[in-house]
Amino acid sequence: MKKIGVLTSGGDAPGMNAAVRAVVRKGIYHGLDVFGIYNGYQGLMEGKIEKLEVGSVGDIIQRGGTKLFSARSEAFKTDEGQQRGIEQLKKFGIEGLVVIGGDGSFQGAAKLTAKGFPCIGVPGTIDNDIPGTDFTIGFDTALNTIIEAVDKIRDTATSHERTYVIEVMGRDAGDLALWAGLANGAETVVIPEKDEPFAAVVDRLKRGHERGKKHSIIILAEGVGNGIDYGKKIEEATQFETRVTVLGHIQRGGRPTGFDRVLASRLAGKAVDLLREGKAGKMVGIQNNQLVYHDIIEVLKESHQLDMSLYQLMEELSI
Ligand code: ATP
């Protein structure tokens, strides 16, 4: 393999730039030409492709977002769209592609591989919802953004003796909410993976209040529902003054943490190794701090499992 491409797709995540940098630098180190594909699969179909040099990816390791931009493309979901993408890759002589993104992006990578074009997936999403890897690129940065925000909200919650509902991202996964709950010492975390009755949440809040607690913080995963509605329900059930904060897209941006930069560099480096070894249709991951890879098709069949021992621990610590 002499020429490879790299694209970012789906929701952006802090650390994607570090991953792009690693694909480019590692590829060049091993004598490959590396091409950047702009605007995800949409740009691939349109031929928005450019050869990248060592300097092209300078000064980006510390930046959030993605230098290659991202996009969602309905047209790429069709056979015709995928064929157009392959034609563009062939036009540039590109023989393998690294796709940095979430499970939707991996569907695309699996389709290209099935059509004979070798792809390797690198898990990049703040949601941490990809099977086959303990962590996805961006999760740690988003977690730290939430931690900082909740620390600040806690100050005002204490001063005003209020209940706060804080809605965090994660799609259908409760990872961000649960890890933030543990790190922030929240009383309650409401996540899709745990079907805790609403009455139990209300009881816990009331017990805390009777004990003289000055504030209560509930971290709500977006996969459970809307924070505003949840806050109203809590206020009606407890009669405690309740405020809601929806953290929203601030969770997707910002400088990647050291953990995410190193993770992104390791995963992307491994992706280049796999292409050089002639592998295709694989997703790289990290499990027990070891770099691993799995068939993308198998990853897409599985569902992400949240480590529920963390939930148990949080319950024990928030008595
Ligand atoms: P995130 O989890 O951050 O949203 P994602 O990769 O799951 O990231 P999606 O919007 O689901 O984000 O997918 C990104 C792109 O991948 C889509 O816009 C589409 O172009 C392509 N894609 C998704 N599903 C398929 C599919 N079944 N076949 C081919 N391409 C697909």
Side-chain angles (χ1 to χ4, degrees), residues 5-17 19-20 37-48 64-66 68-89 97-133 135-143 145 168-176 192 221-223 248-254 256 260 263-264 267-268 271 281 283-285 296-304 306:
V6 55
L7 62 78
T8 51
S9 169
D12 66 314
M16 278 185 166
N17 275 327
V20 170
I37 293 137
Y38 291 86
N39 301 96
Y41 292 125
Q42 187 62 38
L44 173 62
M45 290 184 302
E46 293 166 4
K48 287 190 181 164
T66 159
L68 294 178
F69 306 111
S70 192
R72 300 195 197 266
S73 164
E74 280 306 307
F76 188 75
K77 293 183 181 174
T78 64
D79 277 338
E80 194 211 334
Q82 292 149 27
Q83 215 52 61
R84 270 172 61 201
I86 290 176
E87 278 160 26
Q88 292 292 352
L89 289 163
L97 181 64
V98 177
V99 172
I100 305 165
D103 53 356
S105 306
F106 294 163
Q107 295 274 3
K111 299 270 171 68
L112 288 179
T113 304
K115 286 185 163 59
F117 195 90
C119 293
I120 303 291
V122 175
T125 166
I126 65 166
D127 303 331
N128 210 40
D129 60 350
I130 310 282
T133 188
F135 296 105
T136 57
I137 298 166
F139 171 71
D140 185 64
T141 305
L143 172 64
T145 301
V168 303
M169 283 182 162
R171 291 251 196 136
D172 296 328
D175 295 55
L176 277 173
E222 68 175 345
H249 280 85
I250 64 159
Q251 295 163 93
R252 283 250 291 263
D260 271 330
L263 177 69
L267 292 177
M283 183 200 84
V284 293
I296 290 185
I297 295 284
E298 296 306 317
V299 169
L300 291 171
K301 280 189 210 153
E302 285 169 37
S303 55
H304 164 67
L306 176 60

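Both ligands and their constituent atoms are indexed starting at 1 by order of listing. Start at 1 with the first residue, then count along the sequence.
A side-chain N or O of Asp175 and one of His304 form a donor-acceptor pair less than 3.5 Å apart.
For Lys48, the side chain to side chain contact (heavy atoms under 4.5 Å, CB included) partners at least two apart in sequence or on another chain are Tyr38, Asn39, Glu46.
A donor-acceptor pair under 3.5 Å is formed between the side chain of Gln82 and the backbone N or O of Phe76. At least one donor-acceptor pair closer than 3.5 Å links the side chain of Thr78 to the backbone N or O of Gly81.
By the 4.0 Å N-to-carboxylate-O rule, Lys301 lies close enough to Glu298 to be salt-bridged with it.
Near ligand 1, Ser9, Gly10, Gly11, Tyr41, Arg72, Ser73, Phe76, Lys77, Gln82, Gly102, Asp103, Gly104, Ser105, Gln107, Gly108, Lys111, Thr125, Arg171 each place a heavy atom less than 4.0 angstrom from the ligand.
Listed here is the closest heavy atom pair of Leu176 and Ala142: CD2-CB, 4.0 Å.
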